[in-house]
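In what follows, a single structure is set out as structure tokens and then discussed.
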Amino acid sequence: MAREIPTWNHNAAELRKLQSELAGEVSLRDGFAKPLRTIAGFDVGFEDEGATTCAAAVLLDANIREVLDQQVARLPTAMPYIPGLLSFRELPALFAALEMLKAKPDLAFVDGHGIAHPRRLGIAAHFGVATGLPSIGVAKKILIGEARMALHDMRGAFTPLRDKSEQIGWLLRSKVGCLPLIVSPGHKVAMASAPELVMRYVTTYRLPEPTRLADRIASRRDRSSD
DNA sequence: GCGACAG
DNA sequence: ATCTTGTCGC
């Protein structure tokens with residue numbers, strides 16, 4: 001299933017080249033079950049001063065948002081964080097968590113960018129191409145690109161994130177008074193579908209439930225209410 | 001050359 | 001990402 005991820009060989013140039021090749025396999029057309037039955041959120045955290053990579057996967061009923069399963073995978077960290085090469089550092093653990101789930105989701109929300117990336121292959125896009133699963137990137141900060149139009153401070157408002165003249169994602173105001181989320185298609189999801197799909201899972205927090213829950217357990221912040 | 005830079 | 005107290009605003 002999950003295609004092989006190169007190990008850190010200290011050759012960033014090779015990894016960038018691989019990203020460009022894989023970016024050619026990304027589909028920007030909706031290719032998920034409609035209506036959605038299940039959805040899952042993925043995020044990564046670190047322990048032991050960074051020596052251990054902790055990936056969390058939370059599977060939810062796409063309609064009632066009830067948690068159906070949640071898993072955590074811990075692997076020794078094998079690569080440093082390098083802007084633009086995040087997927088090579090976090091994908092191995094994410095794949096392990098995905099395999100642990102009792103069922104594969106119809107759609108995956110991954111913490112990080114989809115195609116809003118220098119070579120159009122952020123971690124969410126890489127995750128989608130490698131697993132074949134439809135995916136969307138939900139990031140908290142811009143890696144590349146800029147918003148040219150103002151974003152209304154209204155829940156659900158969104159405006160294009162562009163690089164040059166190409167649209168690579170959206171700035172989405174998931175919550176009033178909060179910085180916007182950076183949403184971009186990962187794989188098998190159309191640019192125009194991304195904002196609504198993410199808002200469908202936003203409740204009273206800035207992050208949509210799938211990602212918010214995965215973030216909580218991946219970062220050990222689930223002790224108090226779990 | 002200089003600044004920017006997901007998590 | 002992670003380390004952390006107080007503080008601002010609804």
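Being a predicted model, the structure only gives us computed values, none of them experimental. Per chain, numbering begins at 1; letters A, B, ... match sequence-line order.
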Determine whether the aromatic ring centres of A:Phe42 and A:Phe127 lie less than 6.0 Å apart.
yes

Using only heavy-atom distances, determine whether the side chains of A:Glu90 and A:Thr53 contain a donor-acceptor pair under 3.5 Å.
no

For A:Arg173 against A:Asp153, the heavy-atom pair lying closest together
CD-OD1, 3.3 Å

Given the ring of A:Tyr205, does A:Arg212 sit roughly above its face, with NZ or CZ under 6.0 Å from the centre of the six-membered ring and within 45° of the axis?
yes

Identify the two heavy atoms, one from A:Thr77 and one from A:Arg89, that lie closest to each other, and give their separation to 0.1 Å.
CG2-NH1, 3.4 Å

Tell me, what's DNA chain C's dot-bracket, Watson-Crick or G-U with both distances under 3.5 Å, | for other-strand, [ ] crossing?
..........

Can you hop from A:Leu121 to A:Ile142 via hydrophobic side chains spaced under 4.5 Å?
no

Considering only heavy atoms from C-beta outward, does the side chain of A:His126 approach that of A:Leu22 to under 4.5 Å?
yes

Is A:Glu166 salt-bridged to A:Arg120, cutoff N-O under 4.0 Å?
yes

Note, A:Arg155 side chain near A:Val202 side chain (heavy atom, < 4.5 Å)
yes

Earliest and latest nucleotide of DNA chain C, 5' to 3', sitting under 4.0 Å from a non-hydrogen atom of chain A?
C:dA1 to C:dT2

Let me have a per-nucleotide readout for nucleotides 1-7 of chain B, 5' to 3', with B, S or -, counting only protein heavy atoms under 4.0 Å.
----BBB

Quick one: do A:Thr211 and A:Asp215 satisfy side-chain hydrogen bond (donor to acceptor under 3.5 Å, both in side chains)? Show the steps, please.
CA-CA 6 Å; A:Thr211 290; A:Asp215 182 80; over 6 Å; no

